[in-house]
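Please see the structure below; I have some questions.
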Amino acid sequence: DFALTRLKHLTAAHGPPGIQETALYQHLIHHSWPRFVSHTFGLWAECQTIVPQGVSELELQARCSDPALAVNPNEPVTLHGTIDRLDQCDVGVVLTDYKRKGQFSRRTVRDGLAPQLPFYAWAHDLQSEGTSLIARTLVGYWNILAGEWTTIAAGTECNSVTRSSPRGTRTPSLEESINAFLDHWRW
């Protein structure tokens, strides 16, 4: 109940003016958000904590010092991004990008041509203190209109439930997706 109440509040507070009087608002409140809560709790079934700590719109910054790429070789390149949602508990991390329509395919992300999710995972890992979390990180899209999750890439230590894909296709490795992103975007 708390999660749905919070999502209802956030939708009203951060949605466009007058959203509460729209069919979209009703759809989100009665269809998409309940499915999102169910999805989130399903992902965290293995957690030792009852409810994972969630962060909305986490600001990220990554700095790279590759002299061949920088305009000024003495200045690092700084990239900024905002993760729509990050959930973390003792068994892993889930990075979620909310979409209303249109999303990049697993192949496009895996090949490094759609850098958003691999960048977020890489930058979050750089900001994490201690051990790398990439192997236990799952990234994907939540279609807020359809109320559906699409796993885009998963770390090698993610369990079989979180790594599952439609039609039995293999979920791309997050590690490979990050490497392709770094190769294509040459830091």
Could you walk me through whether Leu7 and Val37 satisfy the side chain to side chain contact (heavy atoms under 4.5 Å, CB included) test, starting with their C-alpha distance in whole Å, then the side-chain angles of each, then the deciding distance to 0.1 Å, before giving a yes or no? CA-CA 9 Å; Leu7 285 167; Val37 169; 3.7 Å; yes
Please report the shortest heavy-atom distance between Phe181 and Pro115, naming the atom on each side.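 Answer, listing the atom of Phe181 first, then Pro115: CD1-CB, 3.4 Å.
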Identify the two heavy atoms, one from Leu133 and one from His124, that lie closest to each other, and give their separation to 0.1 Å.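 In this case the closest contact between Leu133 and His124 is CD1-CE1, 3.7 Å.
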Is there a side chain to side chain contact (heavy atoms under 4.5 Å, CB included) between Tyr120 and Thr137? Walk through the geometry before answering. CA-CA 11 Å; Tyr120 289 165; Thr137 298; over 6 Å; no
Please determine whether the number of non-hydrogen atoms from other residues, nucleotides or ligands lying under 6.0 Å from atom OH of Tyr25 exceeds 12.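 Check passes, neighbour count above 12.
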Straight-line distance of Phe104 CZ to Asp97 CG, nearest 0.5 Å: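 Taking CZ in Phe104 and CG in Asp97, the distance rounds to 9.5 Å.
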Shortest non-hydrogen contact between Asp111 and Ala180, atoms and distance: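 Residues Asp111 and Ala180, closest heavy atoms: C-CB, 3.6 Å.
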Can you check whether Asn179 reaches Trp122 side chain to side chain, under 4.5 Å on heavy atoms?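 Not touching, per the 4.5 Å side-chain cut-off.
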Leu95 versus Arg85: any side-chain heavy-atom pair under 4.5 Å?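 Sidechains of Arg85 and Leu95: no contact.
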Determine whether the side chains of Asp125 and Ser132 contain a donor N or O and an acceptor N or O closer than 3.5 Å.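 Asp125 vs Ser132: donor-acceptor pair found between side chains.
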Quick one: pull up CD in Gln103 and CD in Glu148 and give me the separation to the nearest 0.5 Å.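 The distance works out to 9.0 Å.
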Nearest 0.5 Å please: distance from the CD1 atom of Ile178 over to the CG atom of Leu182.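 It is 7.5 Å, given to the nearest 0.5 Å.
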Just wondering, are more than 12 heavy atoms of other shown residues or ligands nearer than 6.0 Å to NZ in Lys99?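 Yes - once you tally the heavy atoms of other residues, nucleotides and ligands closer than 6.0 Å, there are more than 12.
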Measuring from atom CD of Gln26 to atom CD of Glu21, what distance do you get when rounded to the nearest 0.5 angstrom?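 So the CD of Gln26 and the CD of Glu21 are separated by 9.5 Å.
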What distance do Cys158 atom SG and Arg136 atom CZ have between them, rounded to the nearest 0.5 Å?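 The SG atom of Cys158 sits 9.0 Å away from the CZ atom of Arg136.
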Are Leu4 and Leu145 linked, directly or through other ILVMFWY residues, by side chains that come within less than 4.5 angstrom of each other?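 Both belong to a single hydrophobic cluster.
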Flag side-chain contact, heavy atom, 4.5 Å: Thr96 against Asp84: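 Not touching, per the 4.5 Å side-chain cut-off.
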For the residue pair Trp33 and Phe36, does the interplanar ring angle fall in the parallel (under 30°), tilted (30 to 60°) or perpendicular (over 60°) class?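 Perpendicular.
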For His39 and Trp142, what are the C-alpha separation, side-chain angles and deciding distance, and is it a side chain to side chain contact (heavy atoms under 4.5 Å, CB included)? CA-CA 10 Å; His39 158 76; Trp142 181 261; 3.7 Å; yes
When clusters are formed by joining ILVMFWY residues with side-chain heavy atoms under 4.5 Å apart, either directly or through shared neighbours, do Ile19 and Ile144 land in the same one?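 Linked within one cluster.
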With distance as the sole test, does His31 use its side chain to make a donor-acceptor pair with the main-chain N or O of Ala146 at under 3.5 Å?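 Pair found, side chain donor or acceptor close to backbone of Ala146.
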Separation between CD1 of Ile83 and OH of Tyr98, rounded to the nearest 0.5 Å: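 Separation between the atoms: 11.5 Å.
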Nearest heavy atoms of Ile152 and Pro172, plus distance in Å: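 Nearest heavy atoms, Ile152 then Pro172: O-CD, 3.3 Å.
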Residues in salt bridge (Lys or Arg N to Asp or Glu O under 4.0 Å) with Glu176, at least two apart?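 Counting only residues at least two positions away or on another chain, Glu176 forms a salt bridge (Lys or Arg N to Asp or Glu O under 4.0 Å) with Arg170.
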Nearest heavy-atom pair of Arg106 and Thr151: which atoms, and what distance?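 Where Arg106 meets Thr151 most closely, the heavy atoms are NE-O, 2.7 Å.
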Step-by-step side chain to side chain contact (heavy atoms under 4.5 Å, CB included) determination, Leu174 to Val139: CA-CA 8 Å; Leu174 180 57; Val139 299; 4.0 Å; yes
Identify the two heavy atoms, one from Ser177 and one from Arg110, that lie closest to each other, and give their separation to 0.1 Å.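 What the structure gives for the nearest pair is OG-CA, 3.5 Å.
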Do the side chains of Thr150 and Asn143 get nearer than 4.5 Å, heavy atoms only?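 Asn143 vs Thr150: side chains apart.
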